[in-house]
Amino acid sequence: MRQLWLRHQSWLTPALLLFLPVLLFGTVIVASAVQSVWFGFFDWDGTGPKTWVGLGNYRELFGDPQFLVSLKNNVIWLVLFLLAPVIGLALALFLNQNLPEIRVVKAVFFIPLVLAHVIIGVVFAWFYDPTFGLLAMAARAIGVTPVAILSNEHLVTFGIIVAALWAQVAFCLVLFLAGLSQIDHELVAAGRLDGATGWRLFRFIVLPQLKSVTFVSAIITVIMSLRNFDMISVMTQGGPYGRSTVLAYQMYDATIFSYRAGYGAAIATVLFAIMSIYIGWFLVHTLREERRRR
Amino acid sequence: MASVSISNVQKSFGEVEILKGVSIDIADGEFVTLVGPSGCGKSTLLRMLAGLEKISGGTMAIDGQVVNDLPPKDRDIAMVFQSYALYPHMTVRENMAFSLRMRDASAEETRAKVDRAAEILGLGSLLDRFPKQLSGGQRQRVAMGRAIVRNPKVFLFDEPLSNLDAKLRVAMRGEIKELHQRLRTTTVYVTHDQIEAMTMASKVVVMREGRVEQVGPPLALYDRPGNMFVAGFIGSPSMNFIPGKVSGGEFLADCGLRLPLPGAPADAQRAVYGIRPEHCRLDPAGFEMNVVVVEPSGSETQIVLRQGGQDLVCLVHDRVDAQPGQAVRVLPDRAKAHLFDPETGVALTF
Amino acid sequence: MASVSISNVQKSFGEVEILKGVSIDIADGEFVTLVGPSGCGKSTLLRMLAGLEKISGGTMAIDGQVVNDLPPKDRDIAMVFQSYALYPHMTVRENMAFSLRMRDASAEETRAKVDRAAEILGLGSLLDRFPKQLSGGQRQRVAMGRAIVRNPKVFLFDEPLSNLDAKLRVAMRGEIKELHQRLRTTTVYVTHDQIEAMTMASKVVVMREGRVEQVGPPLALYDRPGNMFVAGFIGSPSMNFIPGKVSGGEFLADCGLRLPLPGAPADAQRAVYGIRPEHCRLDPAGFEMNVVVVEPSGSETQIVLRQGGQDLVCLVHDRVDAQPGQAVRVLPDRAKAHLFDPETGVALTF
Amino acid sequence: MYPAPIADASPSRRLAYRVALYVSMLLWMAPLIAIFMTAARPQDDLLAGNYWGWPSKIAFADNFRQVFATSPMAGFFVNSVVVTVATVAGVLVLSTLAAVALAKYEFRGRTLLFAMFIAGNFLPYQILMIPVRELAVGLGLYNTVWALVVFHTAFQTGFATLFLRNFIAGLPEELFEAARIEGASELRILRVIVVPLIRPALAGLAVLVFTFVWNDYFWALALVQSDAAKPLTLGLAGLKGEWLTAWNLISAGALMAALPPVLLFFFMQKHFVAGLTAGAVRG
Amino acid sequence: QQALVINTDRSGTGQKAAFNKIVADFEAQNPGVKVTVNYSDVESYKTSIRNFLVTSPPDIAFWFTGARMRAFTKRNLFEDLSGFLKENKLTDTMKPFIPAVTDGGKQYMMPTNMTTWGFYYNKQVFDKAGVKVPTTWTELMTAAGKLKASGIVPFTIGTRDLWANSLWFDYLNLRTNGLDFHMQLMDGKVKYTDPRVKKVFELWADPVKKGYFLENASSYGWQEGIPFLSQGKAAMYLLGPYVRTSLPAEMHANIGFFPFPALDPKMPNYEELSVNGVGIPKGAKNKDLAKKFLKFFAEKDNNMLFAKGGAVLPSRIDVAITDDPYAAEQFAHAKGAKGSSQFYDRDTDPDMAQAGMRGFQEFLQQPDRVDAILERLESTRERIFK
Ligand SMILES: Nc1ncnc2c1ncn2[C@@H]1O[C@H](COP(=O)(O)OP(=O)(O)OP(=O)(O)O)[C@@H](O)[C@H]1O
Ligand SMILES: Nc1ncnc2c1ncn2[C@@H]1O[C@H](COP(=O)(O)OP(=O)(O)OP(=O)(O)O)[C@@H](O)[C@H]1O
Ligand SMILES: [Mg+2]
Ligand SMILES: [Mg+2]
């Protein structure tokens, strides 16, 4: 027994340690994801019997105008959400100073991060209210007819993105502040001595050192942008007339309101496929980083 | 190339006073080393000279021009950092060209200057590598290359060799020295390595707790330390210090030993007797002490002796066949002995 | 306390062979140092002895018992790491008591043993501090304390002093040596510091690229290096190597110099002449060379000489008043000269 | 330290910086101030269209009282606490185990498992909704807080493992080796060396997971329906009531729901930030 | 000790209070019975009922009737209550509502109450603008024009939650094409591109294009439309009794009600009347006790209490609310109906309803796109009712 343990200890120990976490994660998360993909091949209302339709859902999906709207919105989200790292970095540079009160100020800037998206959505919906909202009041104050952002099929997605950016910028801000705190001061000093100032110092000396943080915040931002759901659900429920849906919301809408779980699963699968690109990218990066460190 | 004049410079970080009035004059083309215990303010002084730290008081002048409020880029100074501070995302060539690029030098000029510096330092074949693909010594050389491309008025070095291993350190030391002989650029060099301080500079500045303790040519500091601190700091192994008093032309140590004096100080004066390990030799004419440790290292042997609670370290160039516990006779070289005031530590002349 | 016997031990990481058959015998109570260039496998060997790495081939035995498959905790070995590896969340006392706690020793026993170790090492007043509240030297001492509480069969040290500054290193070196003289525990000590290797051990093992180059008492390695590698590795500054050939009882260097030989090797034999810097002296009877660099460090002066493209480093104990460019006469100590085979590097006896 | 420290700048620039700082802070916080104001408004103000003006009277206490009176908020609060605390505890334990295994042991499939945790962590979790619900039903956990605990624990374990693994990988290998030589078994090392050393990371992680789980709405909707098991977020939706336009109450409830994570964040800011950073970029 | 679990979405303050009292009374009458009531908000209940009916059925569940009920009875998730209703003579006392709970000749739920729909208006605003309560479509349009001219929004509405808007469609369709046609459309038997449907949209387009509706209606939830009415910024709201229940009691006097006006004098007076019900899930553990509770719940007093709590109408025709003129008005309104539909999203397939309501939302904002919208709805219909 002891011999056995000794001989196999090298793999038995990690196996024992990993048993529970992997079991739980494997059954609840991984298996469910696989199952969900499987459901995408059925016509199913979510409770009753399933009917195999093969690629039927996908065929319908690619002809569904709503799907194209969602896809387009997803792209808009993805592109605009990448403002979060940019603004986050700018804000981080702005806040990266030594003042007695700076800790509190930073904390205030971090707060959106801990708020539920549901709450943020509600607040921004009031903000945009075309009659009573702050935005409308401001517009009227300067003599402009207020635009009903959430009722405007062209603006609605941008309106929601702004709300979501609020939280996402806070997220990137935290990362960049941490990144800035790890900047090699000697490199900056060397840069100054070499005659770099202002933008060039930032561009050639500081930014390259933030490469890893930038990558991570960009990828996470992309993934968050694809995953976003709560805001849309709270602010517009996909409206007006489905113009603000994204894949995640459309999937929910199809499953819950239209009772089409199979179709929803197919939408989810497409979303998953898109996201896989970024997950894979992140994985490759992380694992390579990993190997480099070893 | 330029002279540097530091007068009564002070520096505080918030409440804490780090530099308490430092004055150093450096002539054009001179090589000055700055030594002192960790935290005494060497780096701070250097960074102030570079313009990386504000000057709290006093003035710094380069070539007669006061630079207190000049930003780093206008001081025409190059600095080599302990960590080398190479830009990790640039190749060796780009690293060396960076300062020229920031000055909007033309492409040909840049190329010519970098190539020349690379040639001087033997970096020709490494120009396209990234810093992480270089060995420690090579990195060090690139850091120097980066400094010399610009042909600055003053070179600053902050412990540039401390990350290298012993052999490489010796080699690079030679290179830096040679470079200085070639370029004759005014240089300020911070180190905590005895040998570097002694062998490289024409002038050594010893600092302690934000003040200059002594300034002088290396051998002058070795031969005539101004106080106990400098005496103990310069030289390795450290000078032996033996408390006691002067009595009848001899030094009567508290431990009972009677030690020979070079001159004739006033009698009955309490003092500290200083003698370097290399100035003690085993000699039948000497006084008796017990051997504690014998450490032969091939070319020389270090012996720790003890008598009446007083330790004495001896460094002899022969093999010594003594065993711990054994008694031997040791004799200090009377001409090389020092006396210090036990209160102030100041060297006593006699 | 125990003897250690390493026979033909091999180690590969994947494809790469790191140790290519190492055999070392260590007697009970002996102090052995392991030296060699970085990457030669010193740490790996030590870690294999500790049980932290699998043994790919050969056997290791402690006290006659083969330990190849024994887990670390059953080997009764203590190890001091370069980084000290103190548990940062435990006080000094807890750090030292850890191994006893793992062996479920009683509280009194633990307390008694820790107190005794603390006393030996002068750690008494620090027992309630955390590692981060200690200075480098104190941490080093705690790491040793942790090792000695257990009274293990063998002590292993992996460059235990390399994180300390020069002065402290000297002091701790003395302490470790003293400790060994007191406890007489078999000790294997890895270092890359010449002086440590030479002064501490009763036996030095020189390794290169996974093989043992030479084993012997320190002074024997200094005096009679088995090959050029050992000759160059032991001693600082390194031995001068001058290629040439034996001709008429003299050594005719390729650079044109004629050097004295201690014996009478076969004529016309190509060889490398080896002479340590400290065995060259300035002497009117010597041959002429040009001064390149003079580095006085107070107690001694290092001079680099050059002639016909051949550099010669000289270390003299006097002040030398030579200027670069000047010609001086230098004479190697014929009795201290070495000859090596230029192909194999093996020392030639004659 | 980039850009240049403002402390070195001229007094006028320092003042300008401070002003800019506070103005931007105020703008940034405007949405939160809005919630606060609304939570202080009596219902009549809203009906009268006084959305942004000064509240006609400060009805904070009234609103909160009404929140508790018109809904089992107290119960929801307890549920939220149970779900969150149980999840945090479970996640900490499981992810520590997994992280140690992935960080400090060599075995085949290690990279694969690690990749699995990372990938799972970034999944669009909406796709899990139906299978997870079925699973909860199968386990008899549907409509209990334990369904939420199980799901959140599993999902967050992915993230937490990624995060802790980076942290543990940063612990010096020598500590493990020293302990091994000194006779500690692997489990003992875990307990007496690893856990105490990663305590700061665990603290940061705890705060992060707390906020994630506390703020969850989607899964509560999918896995729970009775009041007995509803967490606060879902309860909050109920506050909308069937026939009410009580934004003041919703704000009050939102404040109540936001309070625990915000408080926790303020007290553990250092850990939180360190945690988030370690989770994303190894520092 | 017996346990009874009830899931309900009737979580409005008044109705909740009433139901709690009923439960307490029941417990008092039946010592040893412990009743647990799980209140949910309507929207999340719509999701969760599909889960719990299958997985962890309570003993009693509230739900909508009509197509929404049939979606579950089709899958055999509700207990047949035909016997129970008959035994307790409820088939008589609740007669008008029995069809709504019937599927394949059997009854699966017990009606609890009924909701009526129509125009709620601000009396002061009407007076100020000199507008009378309209009885015909033309009058309504004239009134709206007048209101609009005096700077008042004639019709407030919030379409973010989609459903409120479908009242307009339902009523216009009932008034133009009649109940049979409407139900055929609901059952997917008529094309959305049918000229008769188009006709409805033409009618509807008139007030839309004239700007009679609240601007940016889709920025508001249905509840958020109410303050415009109460504040006098808007004049009318086509909705249910929630308009009143959402407002403080002192405002009730100012809010009047009138039915959706007639369009075609030949068309009988069809109304939109929604019936809510309560049923026993197939998997209930305690069916006998559940029936006992339902019987108690159906008692006159309780039925009335429950209705009053929600400001809706009781499901028994033999009770009358006499102390509330508003209720009487509603009752008369319901009684006067020649036939009724329930509501768009209760009458048609949920998938279709979702698509339809989204189309109505778009129409309200972009009336010119009517053809595209109808094309889309038609293709959805074809997919669902194939
Ligand atoms: N930015 C700073 N803020 C506060 N104190 C500082 C700062 N920089 C340096 N100090 C303090 O100033 C003192 C001198 O530091 P300095 O780096 O100049 O020492 P040093 O002589 O270079 O030491 P070493 O040999 O260790 O490099 C130290 O006590 C240090 O703690
Ligand atoms: N786990 C490992 N996997 C692969 N190669 C390794 C591993 N550990 C060590 N090596 C390699 O084995 C060789 C010997 O390493 P080792 O650490 O024993 O050298 P060393 O003599 O202690 O050097 P140093 O003086 O730098 O400490 C090196 O080339 C190293 O890269
Ligand atoms: Mg320094
Ligand atoms: Mg090593």
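All chains are named by letter (A, B, ...) in the order of the sequence lines, taking the proteins before the strands, and each is independently numbered beginning at 1.
- For chain A, the option among Met90(B), Arg150(B), Met102(B), Lys73(B) with the highest count of heavy-atom pairs below 4.5 Å is Met102(B).
- Per-residue heavy-atom pair counts under 4.5 Å with chain A were compared for Met79(B), Arg101(B), Arg103(B), and the maximum is reached by Arg101(B).
- Leu86(B) touches chain A through its backbone: at least one of N, CA, C or O sits under 4.5 Å from a heavy atom, while the side chain does not.
- Annotation: side chain of Arg146(B) is not in contact with side chain of Phe98(B) (no heavy-atom distance under 4.5 Å).
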**Q.** Step-by-step side-chain contact (heavy atoms from CB on, under 4.5 Å) determination, Ile26(B) to Thr187(B)
**A.** CA-CA 9 Å; Ile26(B) 301 169; Thr187(B) 302; over 6 Å; no

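- Neither the backbone nor the side chain of Arg75(B) comes within less than 4.5 Å of any heavy atom in chain A.
- Using modelled atom types and a 3.5 Å distance limit, the side chains of Tyr87(B) and Asp194(A) yield a donor-acceptor pair.
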Q. What do the steps show when you test Trp77(A) against Ile232(A) for side-chain contact (heavy atoms from CB on, under 4.5 Å), and what is the final call?
A. CA-CA 12 Å; Trp77(A) 269 86; Ile232(A) 296 170; 4.1 Å; yes

